Every structure is written in structure tokens, then in C-alpha cells.
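Comments concern the structure below.
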Amino acid sequence: MKSIYLVGFMGSGKTSIATYLQSALKWSVQDTDQMIEEHYQMNIPTIFKEKGEETFREYETNILHMTNDQNTIVATGGGIIEKEVNRKWLQSNGTVVFLQTSWEEIERRLRDDVSRPIWNNQSRDKQQLLEKRLPKYLEVADYVIDTDGKNVEAIAAEILSKINV
Ligand code: S3P
């Protein structure tokens with residue numbers, strides 16, 4: 001079966017839901033952020049600091065093309081949908097699930113986060129970024145799951161019932 005690509009803003013729960021689905025489906029799991037760090041031997045904050053966001057986006061596209069497009073749950077980075085080439089790739093190669101999360105919930109979940117360069121960049125308006133990205137998530141999504149107020153088990157069960165695997 002086609003792989004499941006989880007897309008959504010930072011803090012939407014992609015990584016924890018991928019891990020949960022992995023044990024439910026007995027599929028393998030991949031995480032594009034983790035793959036970038038392994039492949040380029042640099043952590044994400046360092047890539048942003050030393051190479052800049054544009055280079056990070058190039059790395060992200062290269063890595064997306066290296067993901068397994070069969071029987072794998074792929075947790076993607078929140079900005080994967082920024083590039084049209086990525087959106088096209090996702091639409092033709094995977095079953096795409098958009099984890100939709102409200103701004104209020106994202107803010108609550110990421111309150112103490114220090115690991116995400118965009119989240120921690122004080123000069124960026126993250127709420128505006130979420131609004132700007134929303135149509136792009138919707139454009140690639142085969143399924144939209146509202147995650148607000150739900151735990152990982154409930155979200156995973158909803159995904160499984162919709163995609164029917
Ligand atoms: C980013 C989200 C991050 C990571 C990078 C950029 C973004 O992934 O790819 O820091 O542009 O939204 P998560 O969505 O897993 O936090």
C-alpha cells in the first residue's frame with residue numbers, strides 16, 4: 001500500500017502519531033527531520049543557523065524523494081508543503097493526512113519548546129505563517145483530521161478508520 005504522509009504545522013503531533021500508527025499497522029516509520037539530520041550530519045538548528053532556511057528546504061526536498069513510498073508512515077516537517085514540487089510529489093506518491101490543529105492548541109503544546117528554529121525566531125509571526133500555510137496543507141491532503149482536544153490514540157483511530165488499512 002501507498003505510504004501515509006502526515007503533514008501539519010509544528011506541534012500538530014506528526015511524530016507521536018507516526019510512532020503510534022507504526023505499532024498499530026506494523027509498518028515502518030520515517031521522519032523527514034530525522035532523515036535530514038542523519039543524511040547531512042547536522043542538527044536542524046545548526047542547518048538553519050549556518051546554511052539558512054533556503055538550504056534547509058533544498059535538503060528537505062531531497063529527503064522527501066528518498067522516503068519509502070510503500071507501507072511506511074512518514075512524519076514530515078511542518079514546512080514541507082511550502083514548495084510546490086513537494087506538494088506535487090506528495091499528491092502523486094502518498095496518502096496524505098493533514099493533522100489540523102488550531103493556533104491556540106499549537107501555542108499551548110509548544111510553550112516550552114526550544115528545538116524549533118522557526119518557532120523560536122521572535123521576529124517571525126507564527127500565527128500568520130500557520131494561516132499562510134493552511135491552504136497548502138489542504139491542497140495536498142487526502143484526509144483532514146482535527147486534532148484539537150484529542151489524544152494520540154483517538155487521532156490514530158480516526159486515521160485508521162478513514163484510510164481503511
Ligand atoms: C519546520 C518544522 C520542523 C522542522 C524545521 C522547520 C517548519 O518540523 O522541519 O524546524 O518550517 O515548520 P516539525 O513540524 O516536526 O516541528
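Keep in mind that what you see is a predicted model, and the values were worked out from it rather than measured. Atoms within each ligand, like the ligands themselves, are counted from 1 in listed order.
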Is there a donor in the side chain of T76 and an acceptor in the side chain of T32, or the other way round, less than 3.5 Å apart? no

Do we see a donor-acceptor contact under 3.5 Å between the side chains of D31 and T15? yes

Is a donor on one side and an acceptor on the other found under 3.5 Å between the side chain of K83 and the backbone of I80? no

Counting N and O atoms only, with roles assigned by atom type, does the side chain of R109 sit under 3.5 Å from a partner on the main chain of G11, one being a donor and the other an acceptor? yes

Side chain or backbone of [X] under 4.0 Å from ligand 1, or both, or neither, by non-hydrogen atoms?
X    : answer
K14  : side chain
E53  : neither
M10  : both
R133 : side chain
F56  : side chain

Ligand 1 to G78 polar contact by distance, N or O atoms, under 3.5 Å: yes

Backbone or side chain, does any N or O of T15 fall under 3.5 Å from an N or O of ligand 1? no

For P117, take its heavy atoms, then give the atoms of ligand 1 lying under 4.0 Å from any of them. 10 (O)

Decide, yes or no, whether a salt bridge links R57 with E60 under the criterion of side-chain N to carboxylate O below 4.0 Å. yes

Provide, to 0.1 Å, the distance between [atom] and the closest protein heavy atom, together with that atom's residue and name.
atom                    : answer
atom 11 (O) of ligand 1 : R57 NH2, 2.6 Å
atom 16 (O) of ligand 1 : R116 NE, 2.5 Å
atom 15 (O) of ligand 1 : D33 OD2, 3.2 Å

Would you please classify the geometry between the W103 ring and the W119 ring as parallel, tilted or perpendicular, with 30° and 60° separating the classes? tilted

List for me each residue that meets side chain to side chain donor-acceptor pair (under 3.5 Å) alongside Q128, sequence neighbours excluded, and say none if there are none. none

By side chain to side chain donor-acceptor pair (under 3.5 Å), which residues pair with K136, not counting sequence neighbours? E82

